[in-house]
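See structure below.
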Amino acid sequence: NAYAAWQKEAGVGGPYREMKTLEDLKGFGHYKVLTPQETIDRARKLGDAGMLIMHPLMGGLDPKVGWANLELFADKVMPALNR
């Protein structure tokens with residue numbers, strides 16, 4: 001939301017919009033909020049040349065949440081993709 005506010009203050013367009021709820025964020029489409037299995041499925045669908053980008057501190061998330069997400073990715077997703 002800070003980026004959206006800065007964009008608005010500057011009077012410029014850009015990719016950021018104010019999000020009030022998780023549903024707003026999910027509906028916007030720029031970011032996907034996925035379970036480990038959904039992430040695995042998406043990565044496999046993308047294939048060997050595909051790319052996943054993770055934003056563990058997106059939107060000013062508490063660093064504890066970011067670390068938990070990174071650990072979840074390392075524990076559940078990476079092992080499934082390194083077969």
Side-chain angles (χ1 to χ4, degrees):
N1 286 338
Y3 290 141
W6 295 336
Q7 202 175 264
K8 185 176 179 180
E9 277 180 32
V12 298
Y16 304 103
R17 304 288 180 269
E18 182 179 0
M19 305 290 161
K20 296 186 186 295
T21 67
L22 178 59
E23 288 71 32
D24 290 344
L25 181 64
K26 286 180 176 181
F28 189 54
H30 275 104
Y31 297 99
K32 302 290 183 203
V33 180
L34 306 172
T35 66
Q37 188 59 54
E38 289 170 333
T39 304
I40 292 163
D41 294 344
R42 177 175 291 267
R44 288 182 176 151
K45 190 182 259 186
L46 290 170
D48 290 340
M51 180 174 33
L52 295 173
I53 299 173
M54 188 174 185
H55 296 279
L57 297 177
M58 178 200 65
L61 285 174
D62 184 320
K64 290 178 188 173
V65 174
W67 274 115
N69 287 332
L70 285 171
E71 289 169 350
L72 186 62
F73 188 86
D75 292 344
K76 301 289 184 182
V77 176
M78 287 178 63
L81 298 178
N82 288 328
R83 292 185 192 165

Spacing of [atom1] belonging to [X] relative to [atom2] belonging to [Y], to within rounding of 0.5 Å:
{"X": "L57", "Y": "W67", "atom1": "CG", "atom2": "CH2", "answer": "9.0 Å"}
{"X": "L46", "Y": "R44", "atom1": "CG", "atom2": "CZ", "answer": "12.0 Å"}
{"X": "F73", "Y": "I40", "atom1": "CZ", "atom2": "CD1", "answer": "9.0 Å"}
{"X": "K32", "Y": "E38", "atom1": "NZ", "atom2": "CD", "answer": "10.5 Å"}

Exercise for review: Answer with yes or no whether the hydrophobic clustering places M19 together with V33; edges join I, L, V, M, F, W, Y residues whose side-chain heavy atoms lie under 4.5 Å apart.
Suggested key: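 Both belong to a single hydrophobic cluster.
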Practice item. Please answer: with hydrophobic residues joined when any side-chain heavy atoms are less than 4.5 Å apart, are L70 and L81 in the same cluster? Key: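 As far as the 4.5 Å side-chain criterion goes, L81 and L70 are connected within one cluster.
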Can you name the nearest heavy-atom pair linking [X] to [Y], along with the distance?
{"X": "A74", "Y": "P79", "answer": "O-CD, 3.1 Å"}
{"X": "Q7", "Y": "P15", "answer": "OE1-N, 3.6 Å"}
{"X": "V65", "Y": "L61", "answer": "CG1-CD1, 4.3 Å"}
{"X": "L52", "Y": "A43", "answer": "CD1-CB, 3.7 Å"}

Exercise for review: Examine distances only and state if a side-chain atom of D24 and a backbone atom of T21 form a donor-acceptor pair shorter than 3.5 Å.
Suggested key: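 Yes.
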Exercise for review: State, with a plain yes or no, whether a side-chain heavy atom of M54 is found less than 4.5 Å away from one of N69.
Suggested key: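 Of all side-chain heavy-atom pairs linking N69 with M54, at least one is under 4.5 Å.
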Check your understanding: Hey, are the side chains of K76 and Q37 touching, using non-hydrogen atoms and a 4.5 Å cut-off?
Key ->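 No. Closest side-chain heavy atoms not under 4.5 Å.
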Check your understanding: Does CZ belonging to F28 count more than 12 external heavy atoms closer than 6.0 Å?
Key ->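 Yes.
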Exercise for review: Count the heavy atoms belonging to other residues, nucleotides or ligands that lie under 6.0 Å from CZ of R42, then report whether that count exceeds 12.
Suggested key: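 Counting other residues, nucleotides and ligands, CZ of R42 stays at 12 neighbours or fewer.
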